[in-house]
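Below is one structure, written out as structure tokens; the observations come after it.
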Amino acid sequence: AQALCLEEMLNVEISKAAFFYGKIRRRYLIQISDELKSQTIDVISKVRELVDSKKVPIMEYSSKCRNCSLISICQPKAMNKKKLNQYLQNLFQQ
């Protein structure tokens, strides 16, 4: 069964939201459209599937990573396939 969304539970319409990035101390306002709500529900569903599968996704570094508070845990640059393969080859050649 699908859980009720906050809007339905409180009988309100939420049309705006804000993302605050602590590292750069910036707040970004966004408009919440029906399309964005649908995309969000889709992402939540995919994340639940990922968690249920117990598989770690492959990380890819992008410009967004610079301002992410989890970059020190994620380490997308350190974990790319090319670097890992090169490290493994060098490890066994020595």
Side-chain angles (χ1 to χ4, degrees):
Q2 187 176 2
L4 291 175
C5 74
L6 186 61
E7 288 180 329
E8 291 171 346
M9 290 189 313
L10 299 177
N11 196 27
V12 296
E13 182 178 333
I14 301 171
S15 60
K16 295 179 187 174
F19 285 101
F20 180 74
Y21 294 91
K23 186 174 181 180
I24 59 173
R25 305 194 56 74
R26 296 279 187 265
R27 182 179 319 275
Y28 295 97
L29 296 175
I30 60 167
Q31 297 293 322
I32 300 177
S33 64
D34 289 338
E35 180 183 354
L36 181 59
K37 289 176 191 178
S38 178
Q39 288 175 346
T40 303
I41 290 168
D42 186 46
V43 168
I44 290 169
S45 175
K46 288 178 181 176
V47 168
R48 286 180 176 158
E49 288 175 16
L50 185 63
V51 170
D52 289 343
S53 75
K54 295 180 174 39
K55 292 183 182 177
V56 177
I58 296 171
M59 297 159 281
E60 292 184 21
Y61 181 82
S62 74
S63 61
K64 297 175 186 177
C65 295
R66 288 190 300 251
N67 296 321
C68 179
S69 61
L70 301 176
I71 193 165
S72 63
I73 297 168
C74 178
Q75 297 185 9
K77 280 187 173 181
M79 300 302 288
N80 77 35
K81 280 186 177 183
K82 185 177 178 181
K83 283 187 176 183
L84 285 174
N85 286 336
Q86 189 175 18
Y87 173 77
L88 289 172
Q89 285 178 352
N90 290 340
L91 184 66
F92 292 110
Q93 287 177 357
Q94 294 176 357

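Along the sequence shown, residues carry numbers from 1. Atoms considered below: every heavy atom in the structure, side chains included; atoms not considered: hydrogens, waters and symmetry mates. Please read all numbers here as calculations on a predicted model, not as lab measurements.
For the pair R48 and D52, the salt-bridge criterion is not met [side-chain N within less than 4.0 Å of a carboxylate O].
T40 places a side-chain N or O within donor-acceptor distance of the main-chain N or O of L36, the cut-off being under 3.5 Å.
When the options F19, F20, Y21 are evaluated for a ring pair (Phe, Tyr, Trp, His ring centres under 6.0 Å) with Y28, the one that passes is Y21.
A continuous path of ILVMFWY side-chain contacts below 4.5 Å connects I30 to V12, so both sit in one hydrophobic cluster. Put simply, I14 and L10 are part of the same group of oily side chains (I, L, V, M, F, W, Y) that touch within less than 4.5 Å, one to the next.
Taking 4.5 Å as the limit, some side-chain heavy atom of I32 sits within range of a side-chain heavy atom of K37.
Residue D42 places its CG atom among more than 12 non-hydrogen atoms of other residues, nucleotides or ligands, all under 6.0 Å distant.
In terms of heavy-atom proximity, A18 sits nearest to R27 at CB-CG, 3.7 Å.
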